[in-house]
Structure formats: structure tokens, C-alpha cells
Amino acid sequence: QVRLRESGGGSVQTGGSRRLSCTVSGVFYSDLCMAWFRQYQEKGREAVAHVYTGHDDTYYADSVKGRFTISHDNAKRTLYLQMNSLKPEDTAKYYCAVDSYLRPPKCYASGADDFDHWGDGTLVAVSS
């Protein structure tokens, strides 16, 4: 059974930083398309960043480019999202997602409907 568990959420002031983690279990950790999404209240789930573990290429939404960094650690089976220069509009619940079948370039353009496995999310609140 695939399990994803996010951590690292919390409250932070504008301009601050936060690092999210997502531990992955129950799936062969190789050639995975992994991503962070976020959702604010009733809005749709927005893609934030993608990484394909086979190539370590990354993709970022324009709204976070230059501020957020997605990375992963094979040995720890963990996906990270380093968030710097946080803004109030970054406030959302952040979810990690994993899929074993998505390959580049599709991986980098994939939306929420493309991913089979999700964590329960971790809340990030940025105050002004």
C-alpha cells in the first residue's frame, strides 16, 4: 500500500521560509513522478512543483519560480519543498503526490487528476 506523509507545515510571517517533507512508502522508489500541489479553501488543487526522479529535472509554477525548490532524497525516500520569501498568497494546504507511470515530459505538465497517490496534506499559513 502506497503511503505519503507530509510534514513541516505551520505559521510563518511574510518573507519567511519553510521546508516541507513528504516520506514515501509502499512503492518502488525509482523513476517516479513526484509533485507538490496546494489548495486554498474551496479552490482547485494547484500544481506547485514537479520532479522526475529518473532525471532529477524539475518544473515550477510561475507563481513560485525562484522562491521554491523541489528536491528528493533517494536514501530517505523523501520529497522536499523548500519555500523561501513566502507571501500571504502562498497560504494553503500543501499536498505531495506520486505516480509510477508518468514520464517526462508529461510528468512536468501533469495535473491533480494525473496522480494516483496522495498524502493528507500539511497546512502553511503566511501572515502579513
Side-chain angles (χ1 to χ4, degrees):
Q1 181 181 0
V2 180
R3 288 195 171 184
L4 309 179
R5 178 170 293 183
E6 301 96 336
S7 61
S11 298
V12 61
Q13 290 189 329
T14 296
S17 297
R18 204 83 192 175
R19 187 174 86 154
L20 306 183
S21 300
C22 172
T23 56
V24 181
S25 62
V27 65
F28 183 61
Y29 197 98
S30 178
D31 295 334
L32 294 175
C33 181
M34 307 176 78
W36 288 97
F37 287 78
R38 65 186 180 186
Q39 186 171 17
Y40 180 70
Q41 294 183 345
E42 301 304 318
K43 293 185 177 180
R45 204 164 284 191
E46 173 194 21
V48 174
H50 296 71
V51 64
Y52 181 68
T53 62
H55 299 166
D56 278 340
D57 289 338
T58 57
Y59 167 83
Y60 297 94
D62 287 342
S63 57
V64 306
K65 202 171 292 183
R67 300 188 298 123
F68 290 13
T69 302
I70 188 171
S71 63
H72 69 98
D73 186 320
N74 287 348
K76 295 182 178 180
R77 300 175 62 89
T78 301
L79 177 69
Y80 300 101
L81 185 68
Q82 177 66 43
M83 305 185 295
N84 298 328
S85 302
L86 282 162
K87 305 175 182 180
E89 51 263 43
D90 294 319
T91 294
K93 195 166 190 179
Y94 284 74
Y95 298 86
C96 66
V98 168
D99 193 278
S100 302
Y101 299 102
L102 290 170
R103 295 288 184 267
K106 171 68 174 175
C107 170
Y108 308 124
S110 48
D113 291 342
D114 296 313
F115 285 87
D116 289 335
H117 307 295
W118 293 87
D120 292 332
T122 185
L123 186 62
V124 174
V126 184
S127 59
S128 57

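Given the structure is predicted, the values throughout are model-derived calculations rather than measurements.
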Closest non-hydrogen atom pair between A112 and F37, with its separation: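 Smallest heavy-atom distance, with atoms named: N-CE2, 3.4 Å.
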
Taking all heavy atoms of L20 and all of G9, pick out the closest pair and write down the distance.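 Shortest heavy-atom contact: CD2-N, 3.7 Å.
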
Indicate yes or no for a side-chain donor-acceptor contact from [X] to the backbone of [Y] under 3.5 Å, with no hydrogens or angles considered.
X	Y	value
T53	D31	yes
R3	S25	no
E6	D120	yes
T14	S127	yes
R77	V24	yes

Distance-only side-chain donor-acceptor flag, D73 / T78, under 3.5 Å: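 There is no such pair (donor and acceptor under 3.5 Å, judged by atom type) between the side chains of D73 and T78.
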
Examine the side chains of H50 and Y60 and answer whether a donor and an acceptor come within less than 3.5 Å of each other.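 There is no such pair (donor and acceptor under 3.5 Å, judged by atom type) between the side chains of H50 and Y60.
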
Quick one: are Q82 and S17 in side-chain contact, heavy atoms under 4.5 Å?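 A side-chain contact under 4.5 Å exists here.
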
What I'd like to find out is whether the side chain of V124 reaches to under 4.5 Å of the side chain of D90, using heavy atoms alone.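 They are not in contact (no side-chain heavy atoms under 4.5 Å apart), so the answer is no.
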
According to a 4.5 Å side-chain heavy-atom criterion applied to Ile, Leu, Val, Met, Phe, Trp and Tyr, with indirect links allowed, do F68 and W36 form part of one hydrophobic cluster?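 The answer is yes; both residues are in one hydrophobic cluster.
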
Can L86 be reached from V64 by stepping across I, L, V, M, F, W or Y side chains whose heavy atoms are under 4.5 Å apart?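 Yes, V64 connects to L86 through the hydrophobic network.
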
The test is side chain to side chain contact (heavy atoms under 4.5 Å, CB included); show your working for W118 and C96 and say whether it passes. CA-CA 6 Å; W118 293 87; C96 66; over 6 Å; no

Is the Lys NZ or Arg CZ of R45 less than 6.0 Å from the centre of Y95's six-membered ring, within 45° of the axis?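 So R45 does make the cation-pi contact.
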
Please determine if R19 forms a cation-pi arrangement with Y80, meaning its NZ or CZ atom is less than 6.0 Å from the six-membered ring centre and no more than 45° off the ring axis.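 The answer is yes; both the distance and angle limits are met.
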
So if I apply the side-chain contact (heavy atoms from CB on, under 4.5 Å) rule between V51 and each of L32, L81, I70, which one comes out positive?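 Only one of L32, L81, I70 forms a side-chain contact (heavy atoms from CB on, under 4.5 Å) with V51, namely I70.
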
